[in-house]
Number of protein chains: 2
Amino acid sequence: MLRLSTKGQYGVRAMFEIAKGDPEKPTNIRQIAERQDVSVAYLEQILNTLRRAGLIQSIKGPGGGYILSKTPSEIAIGEILKELEGPVAITSCLDPEEGCSRVETCVTHLLWRSLGEKIQDFLNTITLEDLLNEEALLKEAGTTRTISLTWGTTG
Amino acid sequence: MLRLSTKGQYGVRAMFEIAKGDPEKPTNIRQIAERQDVSVAYLEQILNTLRRAGLIQSIKGPGGGYILSKTPSEIAIGEILKELEGPVAITSCLDPEEGCSRVETCVTHLLWRSLGEKIQDFLNTITLEDLLNEEALLKEAGTTRTISLTWGTTG
DNA sequence: AAAATACTTTAGTGATTTTGTCAAGTATTA
DNA sequence: TAATACTTGACAAAATCACTAAAGTATTTT
């Protein structure tokens, strides 16, 4: 349940790949496609969306590619996903575009909204820089278990 | 993004409807269908799944219907959803049935797992009793805003 | 016993969404 | 001016969703 589409997943991975590159040297789309094992054509769609959203910039011509518009610490995972998949909306009645008639009386509505807010908070807290740091730690330690716990205070 | 299917939503609403009834008197499927505006046939599928999972019991014959197998405080929303939609699996590589080849080295994998755990924790904390209490408060106060904040400590 | 009520199970189906591919561009620079 | 790289829009196969339909089985009241 609550699965993310591949578009969102690839988008985050692509942004991560760009973040890993030299801020001065653009990362080209073929490199990303290769490293993340996604087709160039599909990636073009995704990067296009992200570019229009202002998260990345494209540089044309030989040696061109994509660079981040902001530093990794300023780009939250939530921003990336929002552009590619729209806002978190556990149910259709929470989608700003659709709306709900029984907001006032519906208890489950409150539940879904509360969950949605929690997810949103989480995703807006984690940035590309966090991912970069995680990877650095991962390479050092070679263990995955303890690291994921550094995010948030799972009681 | 991260939308729940109607099956899960209807399931929770149906369980809530049963929880609202007298623990001794079964709630019949037609009543639930009417109150929640879902077709009887579709609801049958859903309740069947929940019955096989042991969350509810069915009582046949005239005057029959469904009752909870446990008290509302013992039934978490997460349990209901798990039966109807499977475990939280933000990405396919986190699905126990599918698996992932690059677990060790993939940073985003950690991110999705961490998010999934947070969602799971939340859903396992909220029970049907909480929903019953919420509704009671809702009827009193007539306001929705403050109530949802009582769930979890949104920093 | 028979009829009414109510749950049970399995198939099937149209609509929608997802996950891409394809083709034909436009822009920039070596 | 050729090569590289990004840009855009249309389209389509596959999967999933959200049901409907139909034929049962079980229980109780009369």
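We use all heavy atoms of the structure for the numbers below, so side chains are in, but hydrogens, waters and symmetry mates are not. The sequence lines fix the lettering, A, B, ..., with proteins before strands; numbering per chain opens at 1.
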- Message: Between A:Thr6 and B:Tyr66, which residue's closest nucleotide on DNA chain C lies nearer the 5′ terminus?
- Response: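 Looking at DNA chain C, the more 5' nearest nucleotide goes with B:Tyr66.
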
- Query: Taking the nucleotide of DNA chain C with the closest heavy atom to each, which residue, A:Ser5 or B:Arg52, is nearer the 5' end?
  - Reply: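 Nearest nucleotide further toward 5': that of B:Arg52.
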
- Message: Please report the distance, rounded to the nearest Å, between CG in A:Asn48 and C1' in C:dG20.
- Response: 16 Å

- Item | Integer-rounded Å distance: C:dC7 C1' and B:Ile67 CD1 | 14 Å

- Item | Summary of salt bridge (Lys or Arg N to Asp or Glu O under 4.0 Å) pairs that have at least one residue in residues 77-91 of chain B, sequence neighbours excluded | B:Lys70-B:Glu79

- Item | Polar side-chain atom of B:Thr127 near backbone of B:Glu74 as donor-acceptor pair, under 3.5 Å |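 No, because the side chain of B:Thr127 does not come within donor-acceptor range (under 3.5 Å) of the backbone of B:Glu74.
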
- Query: Can you find a donor-acceptor N/O pair under 3.5 angstrom joining the side chain of A:Gln45 to the base of D:dT7?
  - Reply: no

- Message: Under 4.0 Å from OP1 or OP2 of C:dC22: is there any side-chain N or O of A:Tyr42 that close?
- Response: no

- Message: So, OP1 or OP2 of C:dG20: does either fall under 4.0 Å of a side-chain N or O from A:Tyr10?
- Response: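 Affirmative; the distance criterion is met.
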
- Message: Categorize B:Asn28 for me: base, sugar-phosphate, or nothing, with a 4.0 angstrom heavy-atom threshold over every strand shown.
- Response: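 Since only primed, P, OP1 and OP2 atoms lie under 4.0 Å of B:Asn28, the category is sugar-phosphate.
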
- Report which part of the nucleic acid B:Leu47 touches: base, sugar-phosphate, or nothing (heavy-atom distance under 4.0 Å, all strands).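 B:Leu47: no heavy atom of the nucleic acid under 4.0 Å.
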
- Message: Within the structure provided, determine whether A:Phe16 and B:Val107 are in side-chain contact (heavy-atom separation under 4.5 Å).
- Response: yes

- Item | Interatomic spacing from CD1 in B:Ile18 to CD1 in B:Ile56 - rounded to 0.5 Å |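 B:Ile18 CD1 to B:Ile56 CD1: 4.5 Å, rounded to 0.5 Å.
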
- Query: Taking for each residue the nucleotide of DNA chain D bearing the nearest heavy atom, is the 5' side occupied by A:Pro62 or by A:Arg51?
  - Reply: A:Pro62

